[in-house]
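Note that the coordinates shown come from a computational prediction; the quantities given were computed from them, not determined experimentally. This chain uses plain numbering: 1 for the first residue, then up along the sequence.
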Amino acid sequence: MVASSKKHSREQRDARERLRHYSARNTVHENTLVRRRRDNILAVSVGIVIIALVATAQVFYFSAGPGTPEPAPSFTPDPSASAPAQENIGDVPDASTSENRSWTGELTLNDVALGIELDGAAAPQAVASIVDSIASDYYSGTTCHRVVKTDNAGLIQCGSLDGTGASDPDYAYGPVENAGTGGFYPAGTIAMARTGNNAFSNGRQFFIVFEDAIIPDDTAGGYSIVGTVVSGLDALESEIISGGVVDDAEDGAPVIATSITGFTIQ
């Protein structure tokens, strides 16, 4: 009986010891789970805060900080304070003059001959204006008064009567037709110049893109693409653009004075 009692007491102590060890391990395990959940919640919270800070920094960088995109070049003088007209002004040729077809021809700047194609189906009103202006010999002797050469755009603007780029106050039309998708105008593009934020301010001036250009839309949209240069673009760059811009500017008069010496179409 005594031996049995001692054995029973030892078994009870062993059981209590095992229970104590089990309880201790279980407590450690539960504490580990709680700490892990807390760490996970903290990590997620910190991640959310970091993402929010990065997003805020990016918004600031691209909207107000040093990463603010350069403003798109405008291609005629700034519009007046009055609301832009929404109708054609002057003796604008009927859009049917473009005949809804492709036109081929040659545009000569100084001695540089450019083969061109105009798309009367994509931009009927603008092409009608060009076709009519060529027929009346309007372009002969007009200047290419402006070159833009930046990281985002390379173009030359032509068709100015007085060499300043001032628009013809008695001749303007709209709307914008066949604008570049997403503000992209690939090299070789021929597009119409207009006053900023005014879709009915197209005239006779146009610009030729000699390096891919990004020109963001304004409130009036983009710029009417009338056609493409199909040959001679390399000669334009080597014989005119290579001379640079006056005062080494990114936007200004070409060092090599340039004018339209010929414009034919058929």
Side-chain angles (χ1 to χ4, degrees), residues 54-55 57-79 84 107 109 114 116-119 122-123 125-127 130 144-160 165 167 174-238 240-255 258:
V54 170
Q58 287 180 332
V59 169
F60 172 78
Y61 184 83
F62 288 107
S63 63
T68 305
E70 296 180 3
S74 59
F75 296 101
T76 51
D78 292 335
L107 168 63
L109 307 183
L114 305 174
I116 65 167
E117 291 182 355
L118 302 181
D119 191 343
Q125 182 63 82
V127 171
I130 291 179
C144 297
H145 67 286
R146 181 185 185 195
V147 170
V148 175
K149 189 167 175 56
T150 69
D151 292 338
N152 295 328
L155 54 92
I156 182 168
Q157 184 175 338
C158 300
S160 172
S167 56
V176 172
E177 304 170 299
N178 193 35
T181 302
F184 178 62
Y185 297 80
T189 296
I190 305 172
M192 302 310 297
R194 65 169 175 80
T195 302
N197 303 309
N198 188 344
F200 279 77
S201 62
N202 296 279
R204 293 182 174 94
Q205 293 182 46
F206 57 87
F207 59 92
I208 299 170
V209 179
F210 57 82
E211 290 180 1
D212 290 350
I214 298 294
I215 310 173
D217 293 356
D218 59 20
T219 58
Y223 297 85
S224 298
I225 297 175
V226 293
T228 56
V229 174
V230 296
S231 65
L233 205 59
D234 289 342
L236 171 65
E237 291 200 61
S238 63
I240 294 176
I241 304 302
S242 63
V245 183
V246 172
D247 296 329
D248 292 325
E250 293 185 335
D251 184 347
V255 170
T258 306

Self-check item: Residue list, side chain to side chain contact (heavy atoms under 4.5 Å, CB included) with Ala249, at least two apart or on another chain
Solution: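 Listed in chain order: Val245.
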Practice problem: Could you walk me through whether Ile215 and Val209 pass side chain to side chain contact (heavy atoms under 4.5 Å, CB included), step by step? | Solution: CA-CA 11 Å; Ile215 310 173; Val209 179; 5.6 Å; no
Self-check item: Stepwise side chain to side chain contact (heavy atoms under 4.5 Å, CB included) check, Val147 with Thr258
Solution: CA-CA 10 Å; Val147 170; Thr258 306; over 6 Å; no
Validation row: [X], [Y] side chains within 4.5 angstrom (heavy atoms):
X	Y	value
Phe207	Arg146	no
Ile208	Ile116	no
Ile190	Leu107	no
Asp119	Val127	no
Val176	Tyr223	no

Distance check, rounded to the nearest 0.5 Å: [X] atom [atom1] versus [Y] atom [atom2]?
X	Y	atom1	atom2	value
Phe206	Ile156	CZ	CD1	9.0 Å
Ile241	Asp234	CD1	CG	12.0 Å
Thr195	Asn202	OG1	CG	9.0 Å
Asn152	Glu211	CG	CD	11.0 Å
Thr228	Leu114	OG1	CG	11.0 Å

Give me the atom names and distance for the closest heavy-atom approach of [X] to [Y].
X	Y	result
Ser160	His145	CB-ND1, 3.5 Å
Leu109	Cys144	CD2-SG, 3.8 Å
Ala126	Met192	CB-CG, 3.8 Å
Glu177	Gln125	OE2-N, 3.1 Å
Phe210	Val148	CZ-O, 3.9 Å
Ala220	Ala199	CB-N, 3.4 Å

Quiz prompt | Counterpart residues, salt bridge (charged side-chain N to carboxylate O under 4.0 Å, His left out), relative to Asp218 (two or more places apart) | solution =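 Asp218: salt bridge (charged side-chain N to carboxylate O under 4.0 Å, His left out) contacts with Arg194.
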Self-check item: Qualifying salt bridge (charged side-chain N to carboxylate O under 4.0 Å, His left out) pairs with a residue from residues 196-210, counting only residues at least two apart or across chains
Solution: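 Every pair satisfying salt bridge (charged side-chain N to carboxylate O under 4.0 Å, His left out) with a residue in residues 196-210: Asp168-Arg204.
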Exercise. Determine yes or no for a side-chain-to-main-chain donor-acceptor pair under 3.5 angstrom, with Tyr185 supplying the side chain and Gly180 the backbone.
Key: yes
Self-check item: Any donor-acceptor N/O pair, Gln205 side chain to Gly165 backbone, under 3.5 Å
Solution: yes
